[in-house]
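Below, chain A is the first sequence line, B the second, and so on; all start at residue 1.
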Amino acid sequence: MSRVVRAGALSVRWEPRAAAVGVALLAVGLAAAVFVVGTGDFPIPAPEVVRALAGQGDQATTFIVTELRLPRAVAGLLAGLALGISGAIFQSMSRNPLGSPDLIGFTTGASTGALLQILVLGGGAASIAAGSVSGAVCTAAAVYALSYRGGGVNGHRLVLIGVGAAAMLEAGNSYLITRAELRDAYEAAFWLTGSLNNRGWEHAVPLALALAVLVPLALAYGGRLKMGELGDDAAQALGVPVQRSRAILVAAGVGLIAAATTAVGPVPFVALAAPQLARRLTRRTGPHLLSAGLMGAALLAVSDLISLKLPAAVPVGVVTGTLGGLYLVWLLTTTGRKGTT
Amino acid sequence: MSTPVREAPPRKEPVSATAAAGRAGGLLVLAGVLVLTMAASLAIGAESIPLDRVVAGLLHPDGSREALIIQDLRVPRTLLGVAVGAALGLAGALMQALTRNPMAEPGLLGVNGGAAFAVVLVIGFLDARTSLVYVWAAFAGAAGAALLVYAVGSYGRAGATPSRLVLAGAALNAVFSALTAGVMLLDPRNFDGFRFWQVGSLSGRDLEVFAQLGPFMLGGAVLALLLARPLNALALGEEAGRALGVNPGRTRVLGALAIVVLCGSATAAVGPIWFLGLAVPFMVRSAIGPDQRWVLPYSLLLAPVLLLAADIAGRVLARPGELETGIVTAFVGAPVFIWMVRRGKAPKL
């Protein structure tokens with residue numbers, strides 16, 4: 001189903017189905033974002049939102065749209081993109097659908113770093129970001145180093161060790177929550193669930209900057225993941241420098257997860273479900289980072305819209321966790337096949 | 001006289017009589033260690049009490065401060081530690097044998113998540129604050145979650161394969177924890193009631209909790225131990241198991257029942273404790289091999305030793321306050337687990 005488009009020395013593989021799915025997902029994500037921007041104490045109809053975004057709305061509407069609500073929608077789309085891509089990287093590398101950053105500790109590590117800042121050191125947005133990034137990086141480095149043995153990292157070992165690290169960090173997070181003042185702890189728990197409430201440009205802009213560097217890096221090396229899935233030896237024989245590509249992709253994946261967690265908290269399940277869903281829609285056998293990312297963006301934007309429409313104010317993480325889990329349950333009960341591993 | 005087929009040891013290699021004697025000896029040593037750990041649990045705490053005074057306090061409660069500490073605080077705590085540890089160790093071993101999955105664990109298969117959800121519902125909507133209400137809610141939630149995970153995991157043609165069960169557990173755990181967060185965050189008061197439950201701890205439970213849940217744990221433990229032989233036969237495969245006179249369906253149902261009772265009562269008693277059910281059978285199997293007739297009793301004894309040790313460490317490390325038991329088990333269990341994975345002792349999923 002794939003065609004190759006050549007322009008001089010450059011050649012790009014062109015897959016009509018994957019492209020169509022990608023465009024559709026992008027449309028869904030953007031449409032959901034427009035409705036998110038329109039939802040609130042002052043509802044704004046979708047056409048008005050679009051007009052304001054195009055710079056043609058009246059002053060009050062434009063202010064509400066671009067200053068108050070747009071950052072939330074942008075942060076949601078970008079964080080979803082980051083989560084989807086990162087999930088695809090780690091699932092492919094561990095050759096295990098459970099090898100998503102939520103389950104192997106990276107997200108938990110980012111939360112630990114942020115919690116330490118929020119509850120113990122009491123820093124502002126910038127230091128929470130620094131805490132979350134260093135938490136994710138330290139956790140990933142530790143999990144990666146502990147999985148490194150006999151000259152390489154084995155995917156199966158990475159998942160097991162990641163699950164161990166996640167359990168330990170989870171306990172640490174609960175400990176911090178019990179030791180804090182009620183108000184601080186409540187705020188931290190809200191953050192820990194993954195929330196897009198009160199997101200401003202100070203959250204969206206750093207996320208966009210991080211993604212501008214990390215997404216191209218991940219996509220450039222992502223093509224090698226498919227060969228990696230053949231097994232280390234086969235990939236090596238095909239001339240892929242397995243360990244170096246893996247190290248670069250791990251770095252990009254950790255960076256993405258840290259950036260997303262910093263901006264919106266550890267939103268569950270998007271990183272786990274987006275690559276699986278994207279794979280089913282595009283009917284590709286190998287990983288495809290871009291469609292996983294677009295799926296993540298659409299998922300998070302739609303979930304945010306749902307969370308806004310619910311009668312009680314629940315954080316978006318409640319919606320993604322519920323929907324993602326129910327999706328997996330549905331997948332398990334409708335496919336009589338032997339799991340998805 | 002029983003038929004010779006039933007008596008055949010369901011193992012590939014016959015184990016010599018000396019090895020069996022060695023294992024029985026090991027079991028005795030472990031029992032001794034458990035008794036010592038219990039004594040330490042009575043003696044060590046924010047206030048250390050010499051062992052002779054511990055014995056005196058137990059035998060002749062004279063109303064002194066030390067006797068009261070021992071009777072009201074440390075005895076319930078120690079008894080609960082033994083019961084909960086044994087229940088979680090057995091439940092983990094049973095789960096791993098039934099699902100043939102070394103990563104099967106009460107927490108991983110949705111039980112903790114279901115219990116937590118039930119507790120937060122009770123806190124949020126019934127406004128209940130007493131621990132006995134929590135206990136029964138957690139029991140119901142854990143049992144419901146375990147049954148649901150099993151039903152989802154075994155639905156369809158392929159049946160309950162290990163990977164499907166783990167995925168079902170992960171999926172439902174996510175749903176439960178999302179809903180738990182939803183209820184918990186509706187109101188700061190809900191959150192305050194729940195945040196202390198969600199770190200498992202042995203402290204602050206009285207003897208009534210033990211009295212109410214003890215019979216369930218005992219029943220679950222007896223059932224679990226009776227399943228050792230059929231589980232061994234099933235480990236050879238469904239067909240071979242049937243040939244050895246084991247009914248696979250009945251073994252699974254009874255096993256699931258034992259797991260539900262054991263995990264449900266343990267989680268209800270002390271809150272979610274992670275890692276013990278994963279790490280203990282894992283350590284036992286790497287030490288003595290896969291024969292369930294030994295794995296189950298060893299897990300039964302080793303898990304309470306580790307849980308009590310974690311509880312004691314929590315009291316010593318943070319004196320005069322303490323660290324919750326669930327936190328210590330995770331911080332001790334995880335490195336041991338990681339070390340074993342690195343040494344390549346982890347069986348394949």
Original post:
Going through the checks in order, is the side chain to side chain contact (heavy atoms under 4.5 Å, CB included) test met by A/Leu182 and B/Phe191?
Top reply: CA-CA 9 Å; A/Leu182 176 57; B/Phe191 171 71; 3.7 Å; yes

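What you find for A/Arg179 and B/Leu323 is that their closest heavy atoms are NH2-CA, 4.3 Å. Nearest heavy-atom pair, A/Ile177 versus B/Arg195, reported as atom, atom and distance to 0.1 Å: O-NH1, 2.8 Å. The two residues A/Gly164 and B/Ala334 make their nearest non-hydrogen contact at O-CB, 3.5 Å. In terms of heavy atoms, B/Leu186 sits closest to A/Tyr186 at C-OH, 4.1 Å. In plain terms, the two heavy atoms of B/Met184 and A/Ala189 that are nearest each other are CE-CB, 4.1 Å. Listed here is the closest heavy atom pair of A/Ile161 and B/Arg342: CD1-CG, 4.0 Å.
With chain A as the partner, the residue from B/Thr329, B/Val332, B/Thr180, B/Leu185 showing the most heavy-atom pairs under 4.5 Å is B/Leu185. Residue with the most contacts toward chain A among B/Pro188, B/Ala330, B/Gly326, B/Ala151: B/Pro188 (heavy-atom pairs, distance under 4.5 Å). If you tally non-hydrogen atom pairs under 4.5 Å between each of A/Val314, A/Thr322, A/Leu310, A/Leu323 and chain B, the highest count goes to A/Thr322.
Between atom CG of residue A/Leu169 and atom CZ of residue B/Phe331 there is a gap of 7.0 Å, rounded to the nearest 0.5 Å.
Looking at A/Ala185, both its backbone and its side chain come within 4.5 Å of chain B, counting heavy atoms on both sides. With a 4.5 angstrom heavy-atom cutoff, A/Phe190 touches chain B via backbone and side-chain atoms both. Contacts between A/Thr193 and chain B at a heavy-atom distance below 4.5 Å involve the side chain alone, from C-beta outward.
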